[in-house]
Amino acid sequence: MAGGCSIVWFRRDLRVEDNPALAAGVRAGQVIAVYIWAPEEEGHYYPGRVSRWWLKQSLALLDSSLKNLGTCLVTKRSTDSVSSLLEVIKSTGATQLFFNHLYDPLSLVRDHRMKEILTSNGIAVRSFNADLLYEPWEVLDDEGRPFNTFTGFWDRCLSMPYDPESPQLPPKKIISGDLSKCPSETLVFEDESEKGSNALLARAWSPGWSNADKALAAFISGPLLEYAKNRRKADSATTSFLSPHLHFGEVSVRKVFHLVRIKQVLWANEGNTAGEESVNLFLKSIGLREYSRYMSFNHPYSHERPLLGHLKFFPWIVDEGYFKAWRQGRTGYPLVDAGMRELWATGWLHDRIRVVVSSFFVKVLQLPWRWGMKYFWDTLLDADLESDALGWQYISGTLPDGREFDRIDNPQFEGYKFDPNGEYVRRWLPELARLPTEWIHHPWDAPEYVLQAAGIELGSNYPLPIIKMDAAKARLQEALTQMWQHEAASRAILENGIEEGLGDSSEDSPIAFPQDMEMEMDENTLRTNPTTTTIRHYEDQMVPSMTTSLVRGGGEESSSDLANLAEDSRAQVPTNRGVDNTQTARTDNMQPQMDITRALRNADDLTVESSNSSGSSSRERDGGVVPVWSPSTSSFTETFVGEDSSYSQRHPQSHQLINWRRLSQTG
DNA sequence: AACATTTTAGG
DNA sequence: CTAAAATGT
């Protein structure tokens, strides 16, 4: 099918090497490379400042490498990628479009729609896997169902009957299509107020595919060997630093996999077991990235709803003061505060410290996890919706194989584990720099004379603990008790068919958002005890908007606006509800809930956007739209069967993935 | 050296 | 919680 020219639509695959869509375009003849900047499509998840900075650099580098090959990158500013693509097609006379798959819920729906529209316009559309070792629908258990635990998934990935595709070389030359009627538009990725902070980033980071290659090579020949040993230190120096490169697809994960695997074979032959083990651990973290896409594909709501339903009944503490103290690194727990200061200053955090600060956020402060996830999204250089959603769900105990729900980590002990000499804390909390190591992770226990000698006045230049750990533990127990009670009550109500749902209060009273979400590190008066009266909310929390002006004109947002927005985005996204009939046989040995579930699904169906079911080629999974580029064969289960989770043993009835379309919706 | 006890890691 | 590893007797 040679002839007309092809569009290659770049998204998060900003590389020329091992880029199947680009390769296909080159094979087909003339190529027009396009990047469309349409951040409004991302809804809540407008990229943060550092992420946009990275994208800008990366696009510039991609453009220059495309120029070396014979074309350039056409950039378009848009609010609707699909219509922009149509315009590009129209102005260039292209007849084909090639792109690489994405797996976040918004992309799944948009790309599916795009494929339908373009196909109906006579454009040949082909898409490829460029982001994963295996497509999500390739990795299934012996019964042909998707895995619900990471180990199951990853073991299967590593023992697939066929290897991941080998990385392809970049094209030698690209024949450019006619760009005379398709001018680039200037993309603005930063505003004036952001330029100063962004200038600092360039000192530490080098975006772009060629730099990604260098980072990969440097990691493999350097820190990889000691990865196992160093992985528990707070210090980031021994990590691969590949995550932002991988997020934007500047380096192919298949290339990473192959090169690392080669190194492993080498070490194995030398009898270097430490190196072998290091590779296994590093590959595991690559595997988690794969798994995040896998989960996002199979559970398209996982970035906004807990995968285990009982979390719906967790009484989150909605407290601006807590949230602000956490963001500013003023919780009074040195390891947490150091991490939050580093995040703010650099956009980077070691994986271990991410676990510490997010665990503190959920378990100690009991703030709604999606707020924390949103803050990560706004501040992390490697912000990645799928990975971050998986991470926060893991921390929050909402995955079958996540951390136990009642586990609460003590930052003091973790401090001595990950930062035994206090170097990390001293680097990011200069006010504690003179405190001896003995007290560095629990200054509140230090004798007065020690504090004086170190120039510390607790509650003045460094906060007292925002809440004591024993109080936090008691409060968490209490919250969990309440959660199970509400969960049981709700279930009882459902079984009795009574329509006075407890869990439904969210419908009427959404969480009010803090008005002031500024993230500045100001010297506000310290709130060591932000709340005396604890406000709890029984609902699935919503996300506060912190990207004020950029998303929606900077106006104030009433909670109802946000509720509407949430509803809107919900309507666009595949819904995760209902079991299809093929599941009946498998699930009927669980609890006798089938009729109820089915009734709920039917009620849901009434509320589904009709556009979802209009397309003749759309296929249903979970009742949601499946991209046409995936086989529809996967019969999907909505029930987690985590026998390996202690919680599921204690609360087997709570193991259903909840039907999030309002349990007691009056239909 | 064999076994009991404690600590740690765990996706 | 459980399994494995580290430590102690």
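Residue numbering restarts at 1 for every chain, and letters A, B, ... go by the order of the sequence lines.
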Practice task
Summarise protein proximity over nucleotides 5-11 of chain B in one line of letters, 5' to 3': B for base, S for sugar-phosphate only, - for none, counting protein heavy atoms closer than 4.0 Å.
Solution key: ----SBB

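For A/N269, the side chain to side chain contact (heavy atoms under 4.5 Å, CB included) test picks out A/V265, with sequence neighbours left out. A/S252 pairs by the side chain to side chain contact (heavy atoms under 4.5 Å, CB included) definition with A/R15, A/D18, A/R254, A/K255, not counting sequence neighbours. In terms of the salt bridge (Lys or Arg N to Asp or Glu O under 4.0 Å) criterion, A/E438 has no residue partners (sequence neighbours excluded). By the side chain to side chain donor-acceptor pair (under 3.5 Å) test, A/N421 is found to be paired with no residue, residues two or more places apart in sequence or in another chain being considered. With sequence neighbours left out, the ring-ring contact (aromatic ring centres under 6.0 Å, His included) criterion links A/F376 to A/W392.
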